[in-house]
Amino acid sequence: MTLIEKIHSTTPTHRETDAGGSRGLRVRGLHKVLGGRTIIDNLDLTVQDGELVSLLGPSGCGKTTTLRMIAGFLAPDAGSIQVHDREVSALGAEKRPSAMVFQNYALWPHMTVVKNVGFPLKLRRLGKKEIEQRVDAVLALVNLLHHKHSRPARISGGEQQRVALARALVQEPELLLLDEPLSNLDAKLRVKVREDIREIQQRLGITTLIVTHDQEEAMSMSDRIAVMNAGKIEQFSRPAELYSRPETEFVATFIGSLNRIEGSLVNGAVVPGDDVIGIRPEDVVFTLHASFDARPAVVERVVPHGHFHEIYLKRDDATLRAFASGLPPAPGDRGHAAIQNALTFRQGRLVTTGGVAL
Amino acid sequence: MTLAPTRGSKRRAIATPAVARRPLGFFLALPPIILILLFVGFPIVLAFAFSIGLTGGLNHVIASIGLNVHEAENWWGTPAAYIEVLSNSRILRDLSVTVGVTALSTVIVIFLALGIGLFLKLRDGRMARLLSGLAIIPLFIPVVIASWAIVTFYSGDGFVRSVFAQFGVEAPVWAFTMVAVVIGSVWTSLPFAVLMITSGLQAIPNAMIEAARDAGAGFLRIVVSILIPMAFVPILIAVTFTAIGVVGSFTVPYFTGPNAPNMLGVSMSNYFSAFNQPQQSVVMAFIVFVIASGIAAAYVWANFRSAKDQGKV
């Protein structure tokens, strides 16, 4: 199916290949040392055909370096990169079957929107008519036909972002790469554009790799998330699993909010020890009356977050943060706090979840 | 109701100094304006009057000393001196040499500067930095000295011919030819062009180049479709400054060029002092001025275009 056919078809083409078939992207043993520091440490990553995967991690973890090596702007010291079972690591960026959306969009300011989007096709020496058709189709897809002849400087940030996406999509890439695509947009627009990107990606079924440091962005868009830290992938799994079963302490603290307490949990009470327990704030329940396995607690601070409140609770064994909706207690209120679920880490790795040993 | 007038008066209190500052700024700018009007503008007006044959008043002395002066019989002047100069085949040859040397030198300078700039942008390394550093050297060597160096280097008994003679080869004599003038013009113009074009190219974000590579563009495509259009304004500024500099040059053609035909700067000097024909000399100066204004118009247009691209106009 060509891009135009895909754009006009209503059925999602997501994962149209048979199970275990060709892989969208396969990275093996990727290694990069820059300035004597190991940036990427023997990294493996497989993205299924039509899947959207996020590389998520703090700044300096090597996620952008990984993306740039996959795009071909940076040569890896070692390792293989395969797109649809074809080795591409020896090819320059201009010969790879991938297309990239840059963080600052990198639209050429001297070209109009049409010329920006049509440039990759012009390089392929396609006919004028075909270029026009494909550019129009992809501009309609990102809803920008009315800005066809505008210069990039004359349109808004969100629109520039969509032009950059259109320029990548028009190439009908086998692999779509996005480098922090939403970081330059304001909060409201970010939510809208990420939904647009997800919707377009699903419709076209393009294998996509997104680099982001925003966990909310990664959670809401991705089929799977690869959490990176210090040049390695810490965990590679579905968003829900990443949250409920973080394999390492790093992932647990990086994703979502966490009460991190040194010690272990015995009968709902924290006892000192070598392990680390992580308790999600929503798993701490504060009530005014006593209940089974709850311990007396005093409200120290209440921080409003709009539709919920963050409550700081002082128990005799630990200080806990809890999320609560509805009418919040006031600082100084006395009640009872129960820990309903906890993750236990030994030497940084998950050993039990919710009291169940792994 | 008491709040509104207070606000109004407050705003007026803030606005007053700004209004008062305006004439002050004008007075501060006045001394250089007066200086330019008096010492540059006024002589230009006088010279123009002289060139169209208005030889009275302040032009009286020079008109009575100079030879072959065309005098106007009415108050609006006469084009006689312009007609004489523009029908003088010797001056016309000088004019065409001037235009030719300017065009050729400018092309060579921009080509070299672009080469160095692109090398620095696309393959940043020790070699590229060394080259761009070397290109700045002529800036620190006085033009007279450089001109003499060029003459002695390419003269009949100069270095080039001596070296070639060792191997029994007869090398051409370039001293006192237009070739030496072009070499000298390139030498003097290169530093500015390199600085301008290099900084223009360096200002282009690398992501623009990477986006082009990602789209499938090779080296030549990136240069032609992305880098040159994006650095178009600094390149055009370098072109205009180089061309204006060469068209009005004197030292280089005077020292390294032939007797005739030579560039108009040298001719002007000859007509003014050696031939004692100041009016013809002034006419040539105005012809060079017209050429330079044409080039300057391109400069203004380039600045306007860049302002437009940035959405300022």
Side-chain angles (χ1 to χ4, degrees), chain A residues 64 67-74 91-112 115-126 131 135 150-155 160 163-173 175-180 184, chain B residues 110 114 117-126 196-197 199-239 298-299 301-313:
Chain A
T64 297
L67 193 78
R68 288 174 62 80
M69 285 196 278
I70 294 168
F73 299 125
L74 206 61
L91 301 177
E94 62 273 18
K95 300 237 164 67
R96 294 200 185 183
S98 53
M100 181 145 158
V101 176
F102 291 80
Q103 186 174 7
N104 297 313
Y105 320 136
L107 299 175
W108 301 299
H110 59 290
M111 298 185 193
T112 58
K115 292 219 170 112
N116 261 287
V117 176
F119 188 71
L121 301 182
K122 206 174 124 194
L123 294 181
R124 292 181 197 177
R125 301 181 196 286
L126 296 183
I131 293 180
V135 169
S150 306
R151 290 278 182 97
R154 299 268 174 184
I155 59 178
Q160 288 181 29
V163 176
L165 183 64
R167 188 177 63 186
L169 290 175
V170 84
Q171 306 176 40
E172 302 188 359
L175 176 65
L176 181 64
L177 306 169
L178 297 102
D179 183 11
E180 307 254 2
N184 287 331
Chain B
I110 299 305
L114 261 180
L118 289 173
F119 192 28
L120 200 62
K121 180 72 186 169
L122 298 172
R123 299 259 181 286
D124 188 15
R126 198 170 291 174
M196 195 75 210
I197 291 178
S199 72
L201 287 172
Q202 290 296 337
I204 298 171
N206 281 328
M208 297 286 173
I209 299 168
E210 285 176 354
R213 281 186 61 197
D214 195 54
F219 169 78
L220 211 63
R221 211 19 139 148
I222 291 172
V223 171
V224 172
S225 296
I226 308 295
L227 292 176
I228 291 183
M230 282 190 72
F232 182 72
V233 170
I235 290 171
L236 196 60
I237 291 172
V239 168
Y299 170 74
W301 175 73
N303 275 336
F304 175 71
R305 204 189 102 143
S306 82
K308 206 172 157 192
D309 279 356
Q310 289 158 17
K312 283 184 196 154
V313 181

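Residue numbers start from 1 in every chain, and the chains themselves are labelled A, B, ... in the order their sequence lines are given, proteins ahead of strands.
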Let me know if Leu107(A) has heavy atoms under 4.5 Å from chain B in its side chain, its backbone, both or neither.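 Just its backbone gets close to chain B.
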Pair Met100(A)-Arg213(B), side chain to side chain contact (heavy atoms under 4.5 Å, CB included): steps then yes or no: CA-CA 10 Å; Met100(A) 181 145 158; Arg213(B) 281 186 61 197; over 6 Å; no
Heavy-atom pair of closest approach, residues [X] and [Y]:
X         : Y         : value
His110(A) : Pro229(B) : CD2-CB, 3.3 Å
Asp214(B) : Gln171(A) : O-OE1, 3.4 Å
Ala211(B) : Trp108(A) : C-CZ2, 3.6 Å

Decide side chain to side chain contact (heavy atoms under 4.5 Å, CB included) for Asn104(A) and Met208(B); before the verdict, give the C-alpha distance in whole Å, the side-chain angles of both, and the deciding distance to 0.1 Å. CA-CA 10 Å; Asn104(A) 297 313; Met208(B) 297 286 173; over 6 Å; no
Taking ring-ring contact (aromatic ring centres under 6.0 Å, His included) as the definition, give me every residue that meets it alongside Phe73(A), ordered by chain and number, with sequence neighbours left out.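 Testing Phe73(A) for ring-ring contact (aromatic ring centres under 6.0 Å, His included), a comparison that skips the adjacent residues, returns Phe102(A).
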Please list, in residue-number order, every residue in residues 199-207 of chain B that has a heavy atom less than 4.5 Å from any heavy atom of chain A; write 'none' if there are none.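 If one takes a 4.5 Å heavy-atom cut-off, the residues of residues 199-207 of chain B near chain A are Ala207(B).
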Ion pair check, Glu210(B) and Arg68(A), cut-off under 4.0 Å: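 Between Arg68(A) and Glu210(B) there is a salt bridge, with a charged N closer than 4.0 Å to a carboxylate O.
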